Amino acid sequence: MSVKQLSLFEQQPEDSNKFFARKRPWSAAKHRIMLKYIQAHCYNLGGSKSYQSMYINYVDGFAGAGKYDEGIGIETFVDKSNFWQRYKTEFLDTDGSPLIALKCAKIFSLEERVTLRCFFTEEDKDLNQELKSNCSLIGEGLYYKVYDPQRFDKALTQIMNDLDKYPTLFFLDAFGVKGVTFEQICSIANYVSKYKGELFLLFHNRAVARHAGFYKTSYKNSKEQKTAETYTQNLTKLLGHNSDLDWKPKWLECQDQEQKQKFERWALEYFKSRLQQESSFKGVANFEIKETYNDSRPQYNIVVGSNHPQKAFGEFLNEFFCKENKLLFFEDDKSGKNNKFLTQSWERENDERVERIRPEIIEILRRNNQDWITLKDLISLIILEIGNLGYLSRPKYREILLDFHKKKIIEAKELGARGNLTLDNYVRAVQ
């Protein structure tokens, strides 16, 4: 199926009903990442082994209509994917996250691999009705539930009861700042810590700055003050209890446009830090979703909380994010005429990244690699320590470590059958 190609420079609509008229490029990026992660998550945890489950849950907290009138970014990705070419897939550019999840569930069901149980909430009555209709077209025989129209916080208790203690992937894409609180996120972290899973939350950095912008030290009248309090309280609820004691003075320091973007970055790191310290997640990471590769200001960030960051971040998400970066780098070359030039530019940029990161990796080895560890696990450790998911692919990190082995910066307990250092060989930093 072909659809109209959309301009990269369309402005995001201000209300959620208009949002589903056209899928923006940054939404397509989000959907590709979720498609890949749902598959990886279910293949990893779905099954009959002791650490696996025959049932896995997917919770979409702000599901919307489930599809767009016009879309981009999914069909071409699926057609070029070696993995998805193995299946007769029904993914469309117009699919939203609920339909992507249901279509994954259908594939898993046909494979008899795992039952993916899908739970959807949408507060808006019209969108909720559209969601039910769209899901019914493909959901026959699948386990899914669309809750009656209500706020996510009102539905959360019922959702938790319906999950039946199975591993759960939570996807929360609130429209802006309002919709989910720090305390609710921590309750999700508690569930994940007990029963496995991950949280994907879209942190809308631009909306955070807009909400903070309502705060002043004085107001013209009581109406302006009351309006400001509504917006600032929503921001405080997202960033955590008493966070206004921190973000309000920080905002007052940031009054020009450049400083406001600095506040957005500060708020993201503040939010991640509190999640890391106060929730049950063992790891918290983020990835910037941008409109163009060289944008200094992302459209939003995907914040991920996990109890198994080595697998989730070090193996799965690092590769997914790296591929999204590459896709964005080549985005403007629709015809493919500049592919050779862009490929050389991409390789050159990766070489520069390798040179920049090598000294930092050496320091990480000296701090953390005194004991024997497999090369595979060492790559994950380095990725987690650097904290910049998608900066380099795992094969690039492997190339760096193979060079370090030749230069005797690291040593191997033993080598592979052909005398080569493999991912399963144990290594450590040379003392």
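From a predicted model like this one, the values you see are computed outputs, not experimental measurements. If you read the sequence from its start, that first residue is 1, and numbering goes on from there. Computed from heavy atoms alone, side chains included, the values below leave out hydrogens, waters and symmetry copies.
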Student: Pick out which of Gln310, Glu385, Arg394, Lys311 makes a side-chain hydrogen bond (donor to acceptor under 3.5 Å, both in side chains) with Ser380.
Tutor: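 It is Arg394, the one option of Gln310, Glu385, Arg394, Lys311 that forms the side-chain hydrogen bond (donor to acceptor under 3.5 Å, both in side chains) with Ser380.
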Student: So which atom in Leu156 and which in Ser187 form the shortest heavy-atom distance, rounded to 0.1 Å?
Tutor: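 The answer is CD2-OG, 3.8 Å.
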Student: Testing the basics here: between Cys104 and Trp84, what is the closest heavy-atom pair and its distance to 0.1 Å?
Tutor: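 So the minimum-distance heavy-atom pair works out to SG-CH2, 4.3 Å.
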Student: Rounded to the nearest 0.5 Å, what's the gap from CG on Leu137 to CG on Leu99? Could you check?
Tutor: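 The CG atom of Leu99 is 8.5 Å from CG of Leu137, to the nearest 0.5 Å.
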Student: In terms of the angle between their ring planes, are Phe120 and Tyr144 parallel, tilted or perpendicular, with boundaries placed at 30° and 60°?
Tutor: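 Aromatic pair Phe120/Tyr144 classed tilted.
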Student: At their closest point, which heavy atom of Leu401 faces which heavy atom of Ile410, and how far apart are they?
Tutor: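 Scanning both residues completely, I find the closest heavy atoms to be O-CD1, 3.4 Å.
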Student: Regarding Glu70 and Arg22, does a basic nitrogen lie under 4.0 Å from an acidic carboxylate oxygen?
Tutor: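 Salt bridge: yes.
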Student: May I ask you to decide if Asn44's main-chain N or O and Gln52's side chain share a donor-acceptor pair within less than 3.5 Å?
Tutor: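 Yes.
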Student: Quick one: sort the Trp266 and Tyr270 rings into parallel, tilted or perpendicular, breaks at 30° and 60°.
Tutor: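 It falls in the parallel class, under 30°.
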Student: Could you tell me if the side chain of Thr168 sits less than 4.5 Å from the side chain of Lys196, heavy atoms only?
Tutor: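 Not in contact.
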Student: Salt bridge between Arg117 and Asp162, side-chain N to carboxylate O under 4.0 Å?
Tutor: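 Salt bridge: no.
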Student: Any ion pair linking Glu363 and Arg366 (charged N to carboxylate O, less than 4.0 Å)?
Tutor: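 Salt bridge flag = yes for Glu363 with Arg366.
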Student: Within the 4.5 Å heavy-atom criterion, are Val192 and Ser280 side-chain neighbours or not?
Tutor: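 With C-beta onward as the side chain, the pair stays apart.
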Student: Would the number of heavy atoms belonging to other residues, nucleotides or ligands and lying under 6.0 Å from NZ of Lys106 be above 12?
Tutor: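 Check fails, neighbour count at 12 or below.
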Student: Would you call Lys30 and Asp173 a salt bridge, taking side-chain N to carboxylate O under 4.0 Å as the test?
Tutor: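 A salt bridge is present here (some side-chain N lies under 4.0 Å from a carboxylate O).
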Student: Once rounded to the nearest 0.5 Å, what's the spacing between atom CG of Leu389 and atom CZ of Phe316?
Tutor: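 Between Leu389 CG and Phe316 CZ, I get 13.5 Å after rounding to 0.5 Å.
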Student: Would you say the side chain of Asn318 lies within less than 4.5 Å of the side chain of Phe313, judging by non-hydrogen atoms?
Tutor: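 The answer is no, as the side chains (C-beta and beyond) never meet within the 4.5 Å cut-off.
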Student: Is it true that Asp60 and Ser97 share a donor-acceptor pair across their side chains at a distance under 3.5 Å?
Tutor: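 A pair is found: one side chain offers a donor N or O, the other an acceptor, under 3.5 Å apart.
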Student: Decide yes or no on side chain to side chain donor-acceptor pair (under 3.5 Å) for Ser133 and Gln129, but give the supporting numbers first.
Tutor: CA-CA 6 Å; Ser133 176; Gln129 187 57 47; over 6 Å; no
Student: Just wondering, do Ile357 and Ile400 contact through their side chains at under 4.5 Å, heavy atoms?
Tutor: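 Answer yes - side chains close enough.
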Student: Specify the closest pair of heavy atoms between Ile56 and Ser53, including all atoms of both residues, with the distance to one decimal.
Tutor: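 Ile56 and Ser53 have their closest heavy atoms at CG1-O, 4.5 Å.
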Student: Could you check whether atom NZ of Lys125 has more than 12 heavy atoms from other residues, nucleotides or ligands sitting under 6.0 Å from it?
Tutor: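 Not more than 12 within 6.0 Å, no.
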Student: Thr422 and Asn425: side chain to side chain donor-acceptor pair (under 3.5 Å), yes or no, with the steps?
Tutor: CA-CA 5 Å; Thr422 71; Asn425 290 144; 3.1 Å; yes
Student: So which of Tyr300, Phe271, Phe287 actually passes ring pair (Phe, Tyr, Trp, His ring centres under 6.0 Å) with Phe203?
Tutor: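 Option passing the ring pair (Phe, Tyr, Trp, His ring centres under 6.0 Å) with Phe203: Phe271.
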Student: Between Leu201 and Phe170, is any pair of side-chain heavy atoms under 4.5 Å apart?
Tutor: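 No, too far: nothing below the 4.5 Å cut-off.
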Student: Among side-chain atoms of Glu111 and Tyr43, is any donor-acceptor pair under 3.5 angstrom?
Tutor: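 Checked: Glu111/Tyr43 side chains pair up, N/O donor to acceptor below 3.5 Å.
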Student: Within 45° of the ring axis of Phe152 and under 6.0 Å from its six-membered ring centre, is that where the NZ or CZ of Lys154 lies?
Tutor: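 Checked: cation-pi criterion not met.
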Student: Report the relative orientation of the aromatic rings in Tyr215 and Trp247; use parallel for angles under 30°, tilted for 30 to 60°, perpendicular for over 60°.
Tutor: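 Tyr215 vs Trp247 ring planes: perpendicular.
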Student: Please say which of Lys103, His31, Lys67 ends up in a side-chain hydrogen bond (donor to acceptor under 3.5 Å, both in side chains) with Asp95.
Tutor: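 Of the listed options, the one satisfying the test is Lys103.
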Student: Taking only Lys NZ, Arg NE, NH1 and NH2, and the carboxylate oxygens of Asp or Glu, determine whether Glu224 and Lys216 approach each other closer than 4.0 Å.
Tutor: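 Lys216 and Glu224: salt-bridged.
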Student: Any donor-acceptor pair under 3.5 Å linking the side-chain atoms of Glu349 with those of Tyr293?
Tutor: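 Judged by distance alone, the side chains do pair up.
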Student: I need the Ser193 OG to His308 NE2 distance, nearest 0.5 Å.
Tutor: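 Between atom OG of Ser193 and atom NE2 of His308 there are 9.5 Å.
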Student: Looking at Gly179 and Gln184, what are the two nearest heavy atoms and their distance?
Tutor: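 Heavy-atom minimum between the residues: O-OE1, 4.1 Å.
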Student: Check Arg297 with Asp295, please: is the shortest side-chain N to carboxylate O separation under 4.0 Å?
Tutor: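 Here Asp295 does not pair with Arg297 in a salt bridge, since their nearest N and O are not under 4.0 Å apart.
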Student: Any chance you could measure Glu229, atom CD, to Asp244, atom CG, to the nearest 0.5 Å?
Tutor: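 Glu229 atom CD to Asp244 atom CG measures 11.0 Å (nearest 0.5 Å).
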Student: Is Arg353 close enough and on-axis enough to Tyr391, meaning under 6.0 Å and within 45°, for cation-pi?
Tutor: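 Satisfied, under 6.0 Å and within 45°.
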Student: Side chains of Asn286 and Lys272: is there a donor and an acceptor less than 3.5 Å apart?
Tutor: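 Looking only at side-chain atoms, Lys272 and Asn286 do form a donor-acceptor pair, the distance falling under 3.5 Å.
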Student: Would you say that more than 12 heavy atoms from the other residues, nucleotides or ligands in this model lie under 6.0 Å from the NZ of Lys282, or not?
Tutor: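 No, because the 6.0 Å sphere around NZ of Lys282 holds 12 heavy atoms or fewer from other groups.
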Student: Any luck finding a side-chain donor-acceptor pair between Arg398 and Ser393 under 3.5 Å?
Tutor: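 Result is no, nothing qualifies.
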Student: Taking the six-membered ring of Phe182, is NZ or CZ of Arg274 closer than 6.0 Å to its centre and within 45° of its axis?
Tutor: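 Because its charged atom sits under 6.0 Å from the ring centre and within 45° of the axis, Arg274 does stack over Phe182.
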Student: Please determine whether a side-chain nitrogen of the Lys or Arg among Asp93 and Lys23 lies less than 4.0 Å from a carboxylate oxygen of the Asp or Glu.
Tutor: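 Looking at Lys23 together with Asp93, the answer is no, because their closest N to O distance does not fall below 4.0 Å.
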Student: Surrounding NZ of Lys323 (heavy atoms of other residues, nucleotides or ligands, distance under 6.0 Å), is the total greater than 12?
Tutor: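 No, the 6.0 Å shell around NZ holds no more than 12 heavy atoms from other groups.
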Student: If we only count heavy atoms from C-beta on, is the Pro298 to Asn205 side-chain gap below 4.5 Å?
Tutor: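 Of all side-chain heavy-atom pairs linking Asn205 with Pro298, at least one is under 4.5 Å.
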Student: For the residue pair Pro395 and Glu319, what are the closest heavy atoms and their distance?
Tutor: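 Minimum heavy-atom contact is CD-OE1, 3.7 Å.
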Student: Would you please say whether a donor-acceptor pair under 3.5 Å links the side chains of Glu122 and Tyr147?
Tutor: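 No donor-acceptor contact under 3.5 Å links the two side chains.
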Student: Does the pair Asp371/Arg428 count as a salt bridge with the N-to-O cut at 4.0 Å?
Tutor: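 No, Asp371 and Arg428 are not salt-bridged.
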Student: Walk me through it: do Leu202 and His204 pass the test side-chain contact (heavy atoms from CB on, under 4.5 Å)?
Tutor: CA-CA 6 Å; Leu202 268 64; His204 294 267; 3.8 Å; yes
Student: Using the ring pair (Phe, Tyr, Trp, His ring centres under 6.0 Å) rule, pick out the option among Tyr58, Tyr143, Tyr55 that qualifies with Tyr166.
Tutor: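 Answer to the ring pair (Phe, Tyr, Trp, His ring centres under 6.0 Å) test with Tyr166 among Tyr58, Tyr143, Tyr55: Tyr55.
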Student: Indicate yes or no: at least one non-hydrogen side-chain atom of Tyr191 is less than 4.5 angstrom from one of Asn57.
Tutor: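 Contact flag for Tyr191/Asn57 side chains = yes.
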Student: Determine, for Tyr195 and Lys165, whether the Lys NZ or Arg CZ falls below 6.0 Å from the six-membered ring centre while staying within 45 degrees of the axis.
Tutor: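 No - Lys165 does not lie over the ring of Tyr195 by the 6.0 Å and 45° rule.
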Student: Test side-chain contact (heavy atoms from CB on, under 4.5 Å) on Gln85 and Lys80; report intermediate values, then the result.
Tutor: CA-CA 8 Å; Gln85 283 179 357; Lys80 292 182 178 180; 5.5 Å; no
Student: Under the 6.0 Å and 45° cation-pi test, does Arg113 pair with Phe108?
Tutor: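 No, Arg113 does not lie over the aromatic ring of Phe108.
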Student: Before accepting this row, confirm whether a basic side-chain N of the pair Lys262/Glu253 lies closer than 4.0 Å to the acidic partner's carboxylate O.
Tutor: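 Answer for the salt bridge query: no.
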Student: Please check: side-chain N/O of His211 versus main-chain N/O of Ala207, any donor-acceptor pairing under 3.5 Å?
Tutor: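 Yes, His211 side chain to Ala207 backbone: donor-acceptor pair under 3.5 Å.
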Student: Could you check if a side-chain atom of Glu269 sits within less than 4.5 angstrom of a side-chain atom of Ser273, using non-hydrogen atoms only?
Tutor: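 Of all side-chain heavy-atom pairs linking Ser273 with Glu269, none is under 4.5 Å.
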Student: Can a donor-acceptor pair be found between the side chains of Asp424 and Thr374 at a distance below 3.5 Å?
Tutor: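 The answer is no; no qualifying pair exists.
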Student: Between Arg206 and Glu264 (salt bridge meaning N to carboxylate O under 4.0 Å), is one present in this structure?
Tutor: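 Not counted as a salt bridge, because no side-chain N and carboxylate O are separated by less than 4.0 Å.
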Student: Mark yes when over 12 heavy atoms from residues, nucleotides or ligands other than Tyr231 sit less than 6.0 Å from its OH; otherwise mark no.
Tutor: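 Counting other residues, nucleotides and ligands, OH of Tyr231 stays at 12 neighbours or fewer.
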